[in-house]
Structures are given as structure tokens and as C-alpha cells.
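This one's a predicted model, so the numbers in the text were calculated from it and none came from an experiment.
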Number of protein chains: 2
Amino acid sequence: MSSKRTVPSARRSGAAASAELRERILSATRELLRERCFDTLSVSDILTAAKVSRASFYFYFPSKQAVLAELVREAVTQGQQAAEPWTGGRQDPAAALRAGVTDGARLWRANAGVLMAIVESWGSDDDLRALWLEQMDLFTEAAVARIRSDPEALRHLGDADVRAVAASLTWLGERLYYLAAAGVPPFDDEQVLIDVLTNAWTSLLYGR
Amino acid sequence: MSSKRTVPSARRSGAAASAELRERILSATRELLRERCFDTLSVSDILTAAKVSRASFYFYFPSKQAVLAELVREAVTQGQQAAEPWTGGRQDPAAALRAGVTDGARLWRANAGVLMAIVESWGSDDDLRALWLEQMDLFTEAAVARIRSDPEALRHLGDADVRAVAASLTWLGERLYYLAAAGVPPFDDEQVLIDVLTNAWTSLLYGR
DNA sequence: GATATGTCCAGACAGTGTGTATGGTCCTTG
DNA sequence: CAAGGACCATACACACTGTCTGGACATATC
């Protein structure tokens with residue numbers, strides 16, 4: 001908890017990989033989350049899947065929540081640079097919006113297990129909560145910047161609270177992507193998902 | 001599990017209450033959920049709070065999830081009859097929308113603990129999942145009926161998927177009410193919450 | 001009033017999970 | 001060869017769940 005632990009450097013089989021076990025734990029968990037939900041996943045399950053001892057696990061991570069946090073950070077940073085062109089946004093607004101929504105769907109499809117896990121768990125773990133709220137805040141902030149640089153959207157929004165509108169669109173996305181990943185109709189149909197989310201953005205920002 | 005148990009009828013202290021213990025369990029849990037979150041709540045906590053033995057608890061409920069399910073049913077049916085005038089909707093559409101959103105906020109304020117609990121838990125329990133999806137479906141269906149009987153909304157929606165739009169508004173509400181109850185800004189400010197939700201409904205249905 | 005019936009409690013139990021601690025093995029480096 | 005770091009197997013204390021005893025006590029029946 002309080003003492004910073006050193007990352008192991010010298011590995012058994014030569015100079016190959018430092019912290020290889022750590023990596024094994026991460027990818028085993030990522031893999032397990034493809035099929036099982038996070039809270040029915042025990043540390044023992046991860047241990048056997050990653051072929052790692054209990055002691056080693058708790059050397060690298062303080063809990064399984066910390067593993068999830070790391071996986072989420074990976075997935076989200078990977079997604080942020082994917083959504084970067086969206087933030088710049090020089091093209092046609094509506095097309096850019098749809099492209100951004102589609103990117104989000106791709107990100108969620110690629111990391112469904114991890115992202116479903118945190119959406120289901122951030123309510124009951126302080127670290128995960130802080131992490132997820134921060135991510136949603138980053139997305140919201142990006143949306144705010146985008147709106148502020150868009151005269152037409154600004155005009156349509158009038159004196160409405162820009163950040164609140166941006167936040168609600170962010171959270172609408174969070175919920176709808178989750179439902180899609182969970183197979184809840186009608187959002188399990190990716191075309192419906194993208195259409196309805198794009199429609200929400202354009203309706204709220206431009207009145208269609 | 002499979003055998004249906006009979007509800008106890010003859011009580012110790014006269015003809016007072018049948019299934020009094022059951023009631024005690026329900027209200028103790030409801031009370032505990034006001035301060036603690038559902039998954040850190042153990043059955044033992046409920047036992048001591050309700051002054052009920054472990055055996056009695058498992059006589060009336062198969063699990064603590066079942067207790068939550070019952071509490072949710074209570075809260076939601078109570079909320080459905082509150083939202084009934086909204087479904088009828090003869091008044092000015094925008095005002096009716098705002099009134100409905102405000103009713104939702106009131107319902108969530110009155111039952112924050114229980115509703116937060118199920119929102120956090122329906123992902124990890126089959127019964128709770130079925131219950132919550134059914135409730136969201138009921139709300140969605142009511143919204144669909146309301147939209148179908150509103151020529152202006154129908155005209156504005158064009159060939160969009162009415163049920164998908166209604167569902168996304170329902171789920172947006174679910175998420176935003178939850179965030180408000182969880183104290184996440186900017187939705188912790190009830191005025192912001194109501195404004196942004198009302199705005200979403202009117203924007204999506206009428207283009208403002 | 002004796003006997004059953006049903007409600008309830010106290011407590012023990014096995015099973016499973018978490019996080020920590022102990023001791024030992026194997027490899028690398030000085 | 002000796003020292004130390006990386007790792008493993010194992011066992012532990014603790015908490016929680018759901019089941020199962022035995023017994024206390026009130027009511028109903030004879």
C-alpha cells in the first residue's frame with residue numbers, strides 16, 4: 001500500500017522481459033473478461049489462467065480491482081488517440097459526429113469485457129470510481145471544446161449549460177455502448193446503436 | 001429453491017401481523033441502503049438491523065438480492081402510478097415532459113438507496129437484470145405510445161426508429177438520475193439535472 | 001391440561017473467497 | 001561458491017454465504 005515496490009528487472013531466462021508476470025496477469029485477466037463477468041471472477045481464476053502464484057499476483061497488484069484499473073487505462077488511452085481526429089474536427093460536423101460515434105463502437109467492441117467490467121464495478125470501488133469519472137470527464141471536456149469551437153452548435157444551444165449537455169451526451173454513450181455490449185435490444189444491433197447515438201448528438205447540438 | 005413455501009399466518013403476539021418479520025427485513029434493508037451501498041451490505045448486517053435470525057431471513061428470502069428485488073418492485077410500482085398522468089399527456093407537450101422528468105427526480109430522491117443499488121447490481125445477478133430490463137422496457141413502451149400519439153414528434157422523427165429513440169431517452173434518464181443520486185457533478189444539482197433531461201427529450205422529439 | 005403444530009432463535013457448519021505470511025527453489029551476479 | 005532476487009507452493013486468518021441442527025415458545029386441537 002504505502003511502500004513503493006521495485007519492479008523486478010533480472011529475469012530467469014536471460015534479458016528477455018522485465019515484469020513478464022505482470023504482463024501475463026494482465027492479458028490473462030483481459031482474456032477471462034471476454035467470457036466471464038468481473039465479479040464472478042476470482043483471483044484464483046486469474047492465477048490458474050496466468051500460471052502465476054498467489055504471492056506473485058499480490059506482488060504486482062494490490063487487488064483484482066487494480067488489475068482492472070490498469071486494463072481500463074490501456075483501453076482508454078488506446079481509444080483516446082483513436083478519437084483524436086474527432087476532437088480536431090475540420091470536416092462536415094454531422095459526418096464527424098458519426099465517425100466519432102463509430103470509433104466509440106469499435107473501441108467498445110475491441111474491449112467489451114474490460115469496459116463492461118468497469119461500468120459494472122465503478123460504483124463499488126473508490127479507485128475504479130475515480131478512474132472512470134476522470135475518463136468521462138476527459139470525454140466531456142473534449143466535447144465541450146468541440147462545441148465551443150462550433151458557432152452553429154453554440155447558437156443552437158443558446159444559454160443552455162454547455163458542459164451539462166456535453167456530459168449527458170458522454171454518459172448516454174457510456175450507457176448505450178454498455179447495453180450494446182451486454183446484448184440488450186435494440187442496441188445489440190450496431191447499426192441501430194450508431195444511428196441513435198449520432199441522432200442524439202446532432203439533435204442536441206443542431207436540432208437536426 | 002423449487003418448493004414453494006407457505007407464508008406464516010399465526011403470529012406469536014395475537015392476530016397482529018402476518019409475515020411481520022418479512023416486513024422488518026424489507027424496511028431494515030431499505031434503511032441500510034440509505035447509507036451503505038448494496039454490495040458492502042452483508043446478510044448479517046440486515047439480520048442485526050432487522051433483529052431477525054439467520055434462519056428466518058432465509059425462510060422469507062432466498063438471498064439478499066431477492067430482498068432488493070422486492071424493494072425495487074415497491075419503488076417502481078409506486079413510481080408508475082405517479083407517472084401515469086404523464087402517459088396520458090393532454091397538456092402542453094414541453095410542460096408535460098418537464099413534469100414527467102421532475103416526477104422522475106422526485107421518485108429517485110425518495111428511493112435513492114434502493115434504485116442506486118439495483119443500477120449497480122443488475123449487471124451481476126440474473127433476476128435483478130430481468131427485473132430492471134423489464135422496468136426499462138415498460139418506461140420505453142410508455143414513451144413509444146406517447147410519441148406515436150404525438151403528430152409533431154412523429155413528423156420530426158421522420159423515419160427514425162421510434163422505439164430506439166424512446167429507449168435511449170429512458171436509459172439516459174436512468175443514468176442521469178443515478179449520477180445525481182451518486183452526487184456526480186454537474187447532475188448533483190437537481191435544477192441542472194431536470195433542465196438537461198427535459199432539453200434532451202424536447203430536442204430529440206421536436207428539435208427544440 | 002396434554003399434545004401437536006408452527007414460528008422463531010441461537011449457533012454450528014461447510015464451502016468459498018481474500019489478502020498475508022512462511023519457507024523453499026531456481027537463476028543470476030559478484 | 002556465496003549472496004540475493006524472482007518466483008512458487010502452501011497454509012493461514014478472516015469474512016461472508018447458505019444450510020442445518022436443536023430448542024424455546026405461542027397457539028390450536030383433543
Ignoring the backbone of A/Y58, work out which of D/dA9, C/dG19, C/dA10 is nearest its side chain.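 Per side-chain heavy atoms of A/Y58, the pick is C/dG19.
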
B/S56 side chain, from C-beta outward: closest of C/dG19, D/dC8, C/dC9: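 When the side chain of B/S56 is considered, C/dC9 is the closest of C/dG19, D/dC8, C/dC9.
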
Between A/E174 and A/W132, is any side-chain donor less than 3.5 angstrom from a side-chain acceptor? yes

Side-chain donor-acceptor contact under 3.5 Å, B/S42 with B/D45: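 A donor-acceptor contact under 3.5 Å links the two side chains.
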
Separation of [X] atom [atom1] from [N] atom [atom2], in whole Å?
{"X": "B/R22", "N": "C/dC8", "atom1": "CZ", "atom2": "P", "answer": "12 Å"}
{"X": "B/L21", "N": "C/dA10", "atom1": "CG", "atom2": "P", "answer": "12 Å"}
{"X": "A/E20", "N": "C/dT28", "atom1": "CD", "atom2": "P", "answer": "13 Å"}
{"X": "B/Y60", "N": "C/dC9", "atom1": "OH", "atom2": "C1'", "answer": "13 Å"}
{"X": "A/F57", "N": "C/dG19", "atom1": "CZ", "atom2": "P", "answer": "8 Å"}
{"X": "A/F59", "N": "C/dT18", "atom1": "CZ", "atom2": "C1'", "answer": "20 Å"}
{"X": "A/D39", "N": "C/dT16", "atom1": "CG", "atom2": "P", "answer": "17 Å"}
{"X": "B/R24", "N": "C/dT7", "atom1": "CZ", "atom2": "C1'", "answer": "12 Å"}

Determine whether a donor-acceptor pair (N or O, by modelled atom type, separation under 3.5 Å) exists between the side chain of A/K64 and the backbone of A/F38.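 Yes, because the side chain of A/K64 sits within donor-acceptor range (under 3.5 Å) of the backbone of A/F38.
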
Within the side chain of A/T77, is there an N or O that forms a donor-acceptor pair under 3.5 Å with the backbone of A/E74? yes

Strand-adjacent residues in residues 42-54 of chain A, judged by heavy atoms under 4.0 Å from DNA chain D: A/K51, A/V52, A/S53, A/R54

Specify the residue among A/S63 and B/A55 whose closest nucleotide of DNA chain C lies further upstream toward the 5′ end.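 The residue closer to the strand's 5' end, by nearest nucleotide, is B/A55.
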
Contact summary for B/V52 and B/S56, nearest pair of heavy atoms: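 Taking every non-hydrogen atom into account, CG1-CB, 3.6 Å.
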
Evaluate side-chain contact (heavy atoms from CB on, under 4.5 Å) for A/L172 paired with B/W171, printing each intermediate quantity in order. CA-CA 7 Å; A/L172 176 65; B/W171 285 103; 5.5 Å; no

One pair to check against side-chain contact (heavy atoms from CB on, under 4.5 Å): A/Y206 and A/L97. What are the steps and the verdict? CA-CA 12 Å; A/Y206 308 114; A/L97 247 30; 4.0 Å; yes

The test is side chain to side chain donor-acceptor pair (under 3.5 Å); show your working for A/R54 and A/S44 and say whether it passes. CA-CA 8 Å; A/R54 182 166 281 269; A/S44 302; 3.0 Å; yes

Would you please classify the geometry between the A/W108 ring and the A/Y178 ring as parallel, tilted or perpendicular, with 30° and 60° separating the classes? perpendicular

Requiring both pairing distances under 3.5 angstrom, list the stems that contain DNA chain D and are made of three or more consecutive Watson-Crick or G-U pairs. C:1-30 with D:1-30

